[in-house]
Q: 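Structure provided below as structure tokens; questions to follow.
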Amino acid sequence: MDDQPRPNILATVRRWSLLIAGLWVVAGCPAAEVETPPDLPAVGGQASLIRVPEGGGVVEAFNPDSLGDPIWSSRAVAPSIREVVGINAEAHLLWAVDTAGNLFAVDLESRGLRQFATGVESASMVPNGSVFVLGALNRVARYQGGVPIQYKTPLPHAPVFQTGTLSDRYIAVLGAKPRRIVVLSPERQLHSAVIVDGPAVATYWGELVAVAASDGVTLYQTDAPYSTRSVPTKQRPVAMVFSPSAHRIYVAYGDRTIDVIERYSLERLASIKLPGEAAEIRTDGSGRWLLARPRTGDSVWVVDLATTRLAGTIEAGWSDDLPTVAGAATLLARRNGDVVALALGGTSRETGRIPGGATDRWIVTTWLPKDRQTLAAAVAESALVTQDSLLVVSDSDATVTDRLYLQVSSSQSAEWSRDFAKQLSSAGFPAKVIDPATTDEGFRVIVGPFGTREAAEETGRKLGRPYFVLTNPPIRE
């Protein structure tokens with residue numbers, strides 16, 4: 001499985017996250033055709049589900065596992081929404097664009113609303129919370145902590161795809177023919193090249209853009225030396241998505257299959273069989289589940305990426321925000337005009353429902369209201385104590401000051417792990433790789449050390465990806 005901790009080490013710890021091992025049987029999925037998957041990976045704590053009324057109104061937060069009464073609500077009334085851009089959990093800001101083209105943010109601490117820009121055509125957020133905005137005359141601006149940085153070079157044509165990086169690079173695929181990829185810094189254009197004509201997707205960090213063509217997928221590096229690599233495919237891809245770690249690319253075809261391609265070797269690792277042709281695919285934040293929308297019908301296929309097998313079919317609508325997975329065990333989806341929560345285990349039972357919620361916009365975040373943080377910390381502390389007893393290096397003759405680290409990845413590929421650690425280090429996160437002690441272990445990417453758990457958790461929120469805390473891991477200096 002891509003980029004996940006070893007299940008034999010953390011089996012006890014994962015109980016607090018409601019991670020369920022075993023067979024998940026849902027409508028349309030015979031039990032005999034599904035293998036029992038291994039334990040789900042640990043993820044970085046509890047989450048909130050934010051509701052942004054599409055027609056304007058009070059913004060609310062819910063516990064995604066139960067969808068009961070709101071656990072938080074804004075004081076200010078948000079305007080009618082065109083798009084929700086994302087949440088900067090560190091700055092406590094929810095960014096959105098209203099139907100008049102105004103970029104605004106809901107302050108999750110003060111519960112107020114702040115407006116930042118007008119005439120916004122589109123916007124996107126990168127993992128460090130920066131918001132890239134495309135405005136009038138195809139001009140680009142980046143908002144970091146609410147402060148705008150204007151880019152001097154406008155785009156020559158409107159983009160059909162855009163993203164950003166943890167630094168200040170803005171990447172766009174232009175819609176004019178021939179298609180071009182353009183990379184901008186605030187001061188100048190860094191790169192421009194003709195590319196193949198097809199749908200594009202980017203990695204979580206924005207360092208790579210994949211574009212589908214009639215006979216393959218081409219990968220474009222978005223920083224120097226701006227190299228290009230291509231992998232042939234058996235036919236024209238209909239949909240693509242990177243895993244959260246960007247270690248794998250999932251490519252869907254019209255023949256009811258999805259190929260799993262290793263990003264570095266470009267080798268096909270597996271082929272996933274579907275009941276029909278997929279029109280769209282996405283992965284969850286933990287990298288455990290892949291969701292696919294069939295070409296016809298109003299349902300969603302759920303694929304277990306630990307076994308690369310279909311785990312089930314659920315009745316649900318499909319849009320940009322839902323369905324999605326909160327944490328590692330709760331599927332959130334639109335159904336019959338409502339938003340429902342389904343526990344990923346047993347009979348896929350419904351654990352919560354918000355009547356009429358299907359018309360609004362939804363986003364899952366690691367941000368928690370202040371009155372929930374104490375409870376979350378207590379849960380995490382309990383898990384940490386159990387975990388530490390398994391991971392600490394015993395030495396009865398030495399007095400050791402605890403060193404805390406975040407584990408963000410575990411992979412069998414040494415090359416990928418070291419490359420990922422370099423990416424994190426270049427982005428300002430002190431990362432290193434722990435080599436496996438046995439052949440059964442993977443290469444673990446860790447960030448740290450930290451003097452306190454609070455400092456470690458703060459960095460984990462900045463990373464915006466699954467993690468868990470280690471105490472005194474066995475690092476060979």
Side-chain angles (χ1 to χ4, degrees), residues 2-3 155-157 159-165 169-184 189-274 277-283 287 290 292 303 305 308 411-420 422-423 426:
D2 171 46
D3 181 27
L155 297 176
H157 303 283
V160 294
F161 173 83
Q162 64 178 345
T163 189
T165 68
R169 294 193 309 278
Y170 169 84
I171 298 100
V173 173
L174 306 182
K177 299 298 180 68
R179 288 284 173 91
R180 302 187 71 86
I181 187 170
V182 174
V183 181
L184 302 181
Q189 178 177 290
L190 300 175
H191 177 68
S192 177
V194 175
I195 66 173
V196 297
D197 187 359
V201 296
T203 61
Y204 180 78
W205 303 96
E207 84 282 5
L208 202 67
V209 173
V211 183
S214 59
D215 57 353
V217 175
T218 303
L219 306 178
Y220 297 90
Q221 187 175 324
T222 62
D223 59 357
Y226 304 105
S227 59
T228 301
R229 303 174 69 199
S230 296
V231 51
T233 55
K234 55 189 176 184
Q235 56 182 275
R236 177 185 289 274
V238 297
M240 299 181 302
V241 69
F242 281 98
S243 65
S245 69
H247 193 189
R248 296 176 178 180
I249 313 169
Y250 301 99
V251 182
Y253 306 101
D255 65 353
R256 303 184 176 189
T257 63
I258 297 176
D259 276 351
V260 184
I261 298 174
E262 210 275 340
R263 172 254 184 99
Y264 293 94
S265 67
L266 300 185
E267 296 179 355
R268 186 175 70 86
L269 303 178
S271 185
I272 302 168
K273 295 181 180 180
L274 299 176
E277 180 182 348
E280 297 180 72
I281 58 176
R282 64 169 62 122
T283 58
L290 182 143
V303 175
L305 294 177
T308 64
S411 171
Q412 296 299 319
S413 170
E415 179 184 1
W416 177 85
S417 297
R418 302 194 196 290
D419 184 74
F420 184 36
K422 289 180 181 178
Q423 292 179 36
S426 65

Q: Before giving the answer on side chain to side chain contact (heavy atoms under 4.5 Å, CB included), spell out for W205 and F420 the whole-Å C-alpha distance, their side-chain angles and the decisive distance to 0.1 Å.
A: CA-CA 10 Å; W205 303 96; F420 184 36; 3.5 Å; yes

Q: Which heavy atom of V238 sits nearest to which heavy atom of A278, and what is that distance?
A: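 Looking at all heavy atoms of both residues, the shortest contact is CG2-O, 3.3 Å.
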
Q: Are the side chains of D419 and Y264 in contact, using a 4.5 Å heavy-atom criterion?
A: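 Counting from C-beta outward, Y264 and D419 do come under 4.5 Å.
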
Q: With Y220 as reference, evaluate L208, I171, T228 under the side-chain contact (heavy atoms from CB on, under 4.5 Å) test and give the passing residue.
A: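 Answer to the side-chain contact (heavy atoms from CB on, under 4.5 Å) test with Y220 among L208, I171, T228: T228.
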
Q: What do the steps show when you test L219 against I249 for side chain to side chain contact (heavy atoms under 4.5 Å, CB included), and what is the final call?
A: CA-CA 10 Å; L219 306 178; I249 313 169; 3.7 Å; yes

Q: If you measure from CG on L190 to CG on D223, what distance do you get to the nearest 0.5 Å?
A: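 If I round to the nearest 0.5 Å, the distance is 10.0 Å.
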
Q: Would you say that V183 contacts T165 through its side chain, given a criterion of any heavy-atom pair below 4.5 Å between the two side chains?
A: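 No. Closest side-chain heavy atoms not under 4.5 Å.
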
Q: Might you point out which heavy atoms bring A212 and M240 nearest each other, and give the distance in Å?
A: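 Looking at all heavy atoms of both residues, the closest pair is N-CE, 3.6 Å.
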
Q: Quick one, R263 and R248 - any side-chain contact, counting heavy atoms below 4.5 Å?
A: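 Side-chain contact under 4.5 Å: no.
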
Q: So, do I261 and V217 sit near enough that their side-chain heavy atoms are less than 4.5 Å apart?
A: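 They are not in contact (no side-chain heavy atoms under 4.5 Å apart), so the answer is no.
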
Q: Are I181 and V211 packed together at the side-chain level, in the sense that at least one heavy-atom pair is separated by less than 4.5 angstrom?
A: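 Side chain of I181 against side chain of V211, heavy atoms only: no contact under 4.5 Å found.
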
Q: Does this structure show an ion pair linking K422 with E207, if we count only N-O contacts that are shorter than 4.0 Å?
A: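 No, no charged N to carboxylate O under 4.0 Å.
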
Q: If you take all heavy atoms of P178 and V194, which pair is closest and at what distance?
A: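 Here P178 and V194 meet closest at CB-CG1, 4.0 Å.
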
Q: Nearest 0.5 Å, please: how far is CD in E277 from CG in D255?
A: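 It is 8.5 Å, given to the nearest 0.5 Å.
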
Q: Locate the shortest heavy-atom distance separating Y204 from P244; write the atom from each residue and the value.
A: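 Minimum heavy-atom contact is CB-O, 3.5 Å.
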
Q: Once rounded to the nearest 0.5 Å, what's the spacing between atom CG of D215 and atom NZ of K234?
A: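 Reported value, rounded in 0.5 Å steps: 15.0 Å.
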
Q: Run the side chain to side chain contact (heavy atoms under 4.5 Å, CB included) check on L305 and I272 step by step: do they pass?
A: CA-CA 9 Å; L305 294 177; I272 302 168; 4.0 Å; yes

Q: Looking only at heavy atoms, which two atoms of Q221 and S227 are closest? And how far apart?
A: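 Heavy-atom minimum between the residues: OE1-OG, 2.8 Å.
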
Q: Is the backbone of G206 close enough, under 3.5 Å, to the side chain of T222 for a donor and an acceptor to pair up by distance?
A: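 Yes, T222 side chain to G206 backbone: donor-acceptor pair under 3.5 Å.
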
Q: Evaluate the criterion side chain to side chain contact (heavy atoms under 4.5 Å, CB included) for residue pair V201 and Y250; output intermediate values, then yes/no.
A: CA-CA 11 Å; V201 296; Y250 301 99; over 6 Å; no

Q: Can you confirm whether V209 sits close enough to I195 that some side-chain heavy atom of one is under 4.5 Å from a side-chain heavy atom of the other?
A: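 Not touching, per the 4.5 Å side-chain cut-off.
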
Q: Decide yes or no for V303 and L274: does some side-chain heavy atom of the first lie under 4.5 Å from some side-chain heavy atom of the second?
A: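 Of all side-chain heavy-atom pairs linking L274 with V303, at least one is under 4.5 Å.
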
Q: Between atom CD of Q189 and atom CG of L184, what is the distance when rounded to the nearest 0.5 Å?
A: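 Interatomic distance, Q189 CD to L184 CG, rounded to 0.5 Å: 6.0 Å.
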
Q: Restricting to non-hydrogen atoms, name the atom on S230 and the atom on T218 that form the minimum distance, rounded to 0.1 Å.
A: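 Reported closest heavy-atom pair: OG-OG1, 3.1 Å.
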
Q: Counting C-beta onward and ignoring hydrogens, is there a side-chain heavy-atom pair between V173 and P159 closer than 4.5 Å?
A: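 V173 vs P159: side chains apart.
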
